[in-house]
Amino acid sequence: MTHAIRFTPPSGEIAPAWAGELKAMMDAYQQAGGDPKVLELPQVATLVISANQVLVAHEIPGVHFRAESLPHGVRARIWVEPHTRLAQPVHLCFGLLPAEGIQEIVADYEIGDYAQVRFLAHCSFPNAVKVEHRMQARIQVGRQASLTYAEEHFHGPYGGTVVVPQAEVRVEDGGHFITTFALTRGRVGDLRLDYHVRVGAGGVAELVTKAYGKSEDTIHVREVVVLDGPGARGLTRTRIAVQDRAQSRVDTVTEGNAPGARGHMDCTEIVRGQAQASNNPLVIVRHDQAQVTHEAAIGTVNRKELETLMARGLSEDEAVDLIIRGLMR
Amino acid sequence: MQPYLLEIKDLYLAREGHVLLNNVNLALKPGEIHVLLGLNGSGKSTLAYTIMGCSGYTPDRGQILFEGRDITGLSLSERARLGITLAWQEPARFEGIPVGKYISLGMKESSRQRVLEALEAVALPPAQYAYRAVDKTLSGGERKRIELAAVYAMRPRLAILDEPDSGIDTLSLTDIERLIRRMADEGSTVLLITHRDELAEIGDSASLMCLGSIAYVGNAEETRRFYREHCQRHPMPPEPMTLGLESKENQP
Ligand SMILES: Nc1ncnc2c1ncn2[C@@H]1O[C@H](COP(=O)(O)OP(=O)(O)O)[C@@H](O)[C@H]1O
Ligand SMILES: [Mg+2]
């Protein structure tokens, strides 16, 4: 069954059976860094999905949601009409409250030509002991359109979350796609991020990924940026900190396939304790007017940075902590 | 009361057969501005790192006394907590640490007012800078001004300023002098390191570093003249001097 929920106020008209769950979701939303009050503003487009239920789908002019329940999740179509410009970001909130379960979001995002929108997604699994969250997104950024997509996760303290965000992104000519993925509070669990972005002429893709792994957490980031159009630009910026026995692996690929294409991959991973990290940047260039560069710093915190902070009276541990928190911001 | 805030006695530091500091003696009275002049490569920064206690700068011989207490064995953090700090010649950059936060790090009690004052003292409009990160997006000159602001905000007992005038574009020498005087007026003792003798005027006393040694000590004017006549006319050789016999292994 496909149901379109139009102009549903985010509070007030919610089915009573869901109200308690919505309240709990809002608490979870807050833990992931969201501000529940914003979701009550009528001018803010909002989509709230708990497990396989759509709790809120509040549309505003130019922004539309269609959603259908799946056995273990939701299939959603989210589209923004051409030329739409929003003052406030579209708020998305995904979560699963029980300690165990699977949530699979199959989402189709379509950003119309010349539209300029920001999305703020919060994914919260605050009680996760054995939870699996899969996001399969197809994202289309139209010609000269701009999409900024910020996603923040909170997985609670138990480390029992497997998170698999996958995105297939197409940036049309002159389009901008800027995405930030942050999993820096609580445990990571097992993160397997896999983004593939294809950029047309004069388009821009910027992928920022931040994760802080502790205990037995594992982080695997795979990002592929294909610069197909003339003058296309791509940047991956990866910031990882791992401590205890956590493991991190960052595989980034940038292809420069057209004249004037410019790509850069920038990876910093701070390693402490028994943790391990690796970075495998792969550069492929198929045009003599394209250029792709990369830089990486993997390992301990830079000594000079540490000593600079210590010269203000911080202990070495406090200095390391401040540097990592800065990197994760 | 101790006659000296900082006293350095016979400091000697060698690396891989190169003598970086050779029997350095230096004494700073409380509240004074002492200028350490010297050409590039003469060992000024090395001395600054050794006083601060940076890793790799443990002297092979000699003593550093702070208010009469031997601090040669103290860690960098411990020295900073005694009130010693350093404005780096080329300050490090930090992702995600806001300028305002960075400036407040050394303050005993965090005060917004003091952070604003410090930013204004280095001619950076707080509204424009306080929430920016101390990262690569700042120019070298902006970063250096923030370093000076952070030291000023801390009200240190001893401020070691390593070439505060280098790379600062629009902040004039007069502005830097004013800031250094302000630090001294607020009770900081200043060790001002520079290779430009124009800045030496501000010093209550001065010394001249040459090839890792203190070659001259006197008032600012005399030292400046000596520097002009003896150093600036005879530029240093590019490599530090090699004294194989004095490398660490051969020390008694
Ligand atoms: N870590 C080091 N190891 C070996 N030599 C060094 C090191 N740091 C500086 N030097 C050398 O010591 C000399 C003094 O350097 P420095 O203290 O930076 O001089 P200044 O600050 O006066 O320009 C230079 O010749 C420099 O090449
Ligand atoms: Mg120097």
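Letters A, B, ... mirror the listed sequences (proteins, then strands); counts begin at 1. No experiment lies behind these values; they were computed from the predicted model shown.
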Would you say that A:I219 contacts A:L183 through its side chain, given a criterion of any heavy-atom pair below 4.5 Å between the two side chains?
no

Checking side-chain contact (heavy atoms from CB on, under 4.5 Å) against B:I160, which of B:L47, B:L191, B:L36 comes through?
B:L191

Answer yes or no: is there a side-chain heavy-atom contact under 4.5 Å between A:V204 and A:V171?
no

Tell me which donor-acceptor pairs, judged by distance alone and kept under 3.5 Å, run between chain B and chain A, one pair per line.
| unit_1 | atom_1 | unit_2 | atom_2 | d |
| --- | --- | --- | --- | --- |
| B:S55 | N | A:E307 | OE2 | 2.7 |
| B:S55 | OG | A:R303 | NE | 3.4 |
| B:S55 | OG | A:E307 | OE2 | 3.3 |
| B:S77 | OG | A:L314 | O | 2.8 |
| B:R81 | NE | A:G313 | O | 3.0 |
| B:R81 | NH2 | A:G313 | O | 3.4 |
| B:T85 | OG1 | A:A311 | O | 2.6 |
| B:T85 | OG1 | A:R312 | NE | 3.1 |
| B:L86 | O | A:R312 | NH2 | 2.7 |
| B:E90 | O | A:K304 | NZ | 2.3 |
| B:E95 | OE1 | A:R239 | NE | 2.8 |
| B:E95 | OE2 | A:R239 | NE | 3.0 |
| B:E95 | OE2 | A:R239 | NH2 | 2.8 |
| B:G96 | O | A:R329 | NE | 3.0 |
| B:Y102 | OH | A:R312 | NH1 | 3.3 |
| B:E147 | OE2 | A:R312 | NH2 | 3.1 |

Under 4.5 Å between any side-chain heavy atoms of B:M209 and B:V24, yes or no?
yes

Flag side-chain contact, heavy atom, 4.5 Å: B:L199 against B:V35:
no

If you draw a 6.0 Å radius around CZ in B:R112, do more than 12 non-hydrogen atoms from other residues or ligands fall strictly inside?
no

Please name all residues satisfying side-chain hydrogen bond (donor to acceptor under 3.5 Å, both in side chains) with B:T189, sequence neighbours left out, ordered by chain then number.
none

Looking only at heavy atoms, which of residues 63-74 of chain B get nearer than 4.5 Å to chain A?
none

What pair of heavy atoms forms the shortest contact from A:A319 to A:M310, and how long is it?
CB-CG, 4.2 Å

How about B:Y129 and B:L138: do any of their side-chain heavy atoms sit closer than 4.5 Å?
yes

Going by the rule side-chain contact (heavy atoms from CB on, under 4.5 Å), which residues pair with A:A290 if we only count those two or more places apart in sequence or in a different chain?
A:A261, A:V285, A:H287

Structural part of B:I84 lying under 4.5 Å from a heavy atom of chain A
backbone

With a 4.5 angstrom heavy-atom cut-off, which part of B:P98 approaches chain A: side chain, backbone, both or neither?
side chain

